[in-house]
Enquirer: 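This is the structure I want to talk about, given as structure tokens.
Only this structure's heavy atoms are used, side chains among them; waters, hydrogens and symmetry mates stay out.
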Amino acid sequence: MRPIRRVWITRAQPGAARTAARLTALGFEPVVAPLLAIRPLPDALDQAPDFATVAALAFTSPNGVAAFAALTPALRERPVFAVGDATAEAARDAGFHDARSAAGDIHALARLIAATTIKGLILAPGAREPAGDLPALLPDHKVQRLPVYAAEETEAVPPADFDAVLLHSPRAARALAAILPPETAANRLAVCISAAASVPLQALSFTEIRIADAPDETSMLTALGKSAGPV
């Protein structure tokens, strides 16, 4: 496998810029070419329940927090259950006073909610096509999804030169598999946020596919390893 210097970032903005800054600080050369773009759904609140009935909110990504917070200043006093630390931090930054992190994936989020005494409706603002089904994981709770953004493929062209690629979601991995010729992956590394994100890559010829120990970017960067340094 070739030495790791140039790392392709496939996640959508504005997260891609944050990832690029972290990679630069670690000595890598980031290659920002997002395969997904986040499009807020301006009419999302047309499908929202009466906010007076909402007991808590559940977010599975910072994108969901940002899109919902931009739509309404309501519900900032309600408790928030977040899938991970970055999502909880985004909620606090958006003015939600009580944001609790599951520090994991959607299954960890469901366990966190199930362990509480919350009664009433849990509103789950998120993607139009979510990666997981939170209501199905919480059959004893009333959970209502609220699509507030869409993640759309950008049809970006793969970078001419990269040594490794970061896949922050199964959706990004599917987009990559659709545009990357199988032989182009040869001698290159893929780092995935989860096992689910690695599945679409199996038909490609990556020398190695690494899966983060936990579904967060810090774990992804640990799996990436150290930069080979400048040429």
Side-chain angles (χ1 to χ4, degrees), residues 1-39 60-63 83-87 103-107 127 129-132 150-231:
M1 186 170 61
R2 54 201 288 171
I4 306 302
R5 296 184 178 92
R6 293 171 55 85
V7 181
W8 179 10
I9 301 168
T10 62
R11 69 183 303 196
Q13 294 287 16
R18 295 193 295 269
T19 301
R22 296 185 72 178
L23 285 170
T24 299
L26 291 171
F28 294 98
E29 181 182 345
V31 181
V32 180
L35 297 179
L36 300 175
I38 302 301
R39 180 174 66 84
T60 56
S61 75
N63 293 323
V83 70
D85 294 346
T87 303
D105 57 11
I106 194 170
H107 298 278
E129 298 178 26
E152 300 178 340
E153 295 184 15
T154 63
E155 299 182 357
V157 176
D161 186 24
F162 67 95
D163 306 314
V165 59
L166 302 180
L167 286 313
H168 283 73
S169 68
R171 181 74 184 279
R174 291 194 295 272
L176 177 78
I179 67 166
L180 191 69
E183 65 277 6
T184 303
N187 297 319
R188 291 177 166 94
L189 167 69
V191 178
C192 302
I193 196 168
S194 65
S198 73
V199 173
L201 308 183
Q202 300 304 318
L204 302 177
S205 55
F206 283 106
T207 297
E208 186 177 357
I209 299 174
R210 298 176 187 169
I211 300 172
D213 288 340
D216 57 58
E217 186 171 87
T218 297
S219 297
M220 292 178 71
L221 297 180
T222 299
L224 177 64
K226 294 183 178 181
S227 169
V231 177

Enquirer: Could I get the full list of side-chain hydrogen bond (donor to acceptor under 3.5 Å, both in side chains) partners for S219, not counting sequence neighbours?
Expert: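 Only D216 meet the side-chain hydrogen bond (donor to acceptor under 3.5 Å, both in side chains) criterion with S219.
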Enquirer: Provide the full list of ring pair (Phe, Tyr, Trp, His ring centres under 6.0 Å) pairs with a residue in residues 163-185, sequence neighbours left out, each pair given once.
Expert: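 Output for this query is empty, none listed.
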Enquirer: For T24, what residues pass the side-chain contact (heavy atoms from CB on, under 4.5 Å) criterion, not counting sequence neighbours?
Expert: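 For T24 the side-chain contact (heavy atoms from CB on, under 4.5 Å) partners, ignoring immediate neighbours, are P30.
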Enquirer: Sequence neighbours left out, what pairs pass ring pair (Phe, Tyr, Trp, His ring centres under 6.0 Å) with at least one residue falling in residues 189-223?
Expert: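 For residues 189-223: none.
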Enquirer: Side chain of R210, backbone of L224: donor and acceptor closer than 3.5 Å?
Expert: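 Such a contact is found between R210 side chain and L224 backbone.
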Enquirer: Using a cut-off of 6.0 Å, state whether more than 12 heavy atoms not belonging to Q202 lie near its atom CD.
Expert: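 Atom CD in Q202 is crowded, with more than 12 foreign heavy atoms closer than 6.0 Å.
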Enquirer: Rounded to the nearest 0.5 Å, how far does CD1 of I209 lie from CG of L201?
Expert: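 So the gap between those two atoms works out to 5.0 Å.
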Enquirer: Calculate, to the nearest 0.5 Å, the distance between atoms CZ and CZ belonging to R6 and F28 respectively.
Expert: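 Spacing of CZ (R6) from CZ (F28) equals 13.5 Å.
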Enquirer: What residues form a salt bridge (charged side-chain N to carboxylate O under 4.0 Å, His left out) with D213, not counting sequence neighbours?
Expert: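 Testing D213 for salt bridge (charged side-chain N to carboxylate O under 4.0 Å, His left out), a comparison that skips the adjacent residues, returns none.
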Enquirer: To the closest 0.5 Å, what do you measure between CD1 (I211) and CD1 (I193)?
Expert: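 The CD1 atom of I193 is 11.5 Å from CD1 of I211, to the nearest 0.5 Å.
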Enquirer: When you check the gap from the basic side-chain N to the acidic O, do R11 and E217 get nearer than 4.0 Å?
Expert: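 A salt bridge links R11 with E217.
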Enquirer: What pairs of residues pass the side chain to side chain donor-acceptor pair (under 3.5 Å) test when at least one of them lies in residues 182-195, not counting sequence neighbours?
Expert: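 Of all non-adjacent pairs touching residues 182-195, none passes side chain to side chain donor-acceptor pair (under 3.5 Å).
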Enquirer: E29 and V7: side chain to side chain contact (heavy atoms under 4.5 Å, CB included), yes or no, with the steps?
Expert: CA-CA 6 Å; E29 181 182 345; V7 181; over 6 Å; no
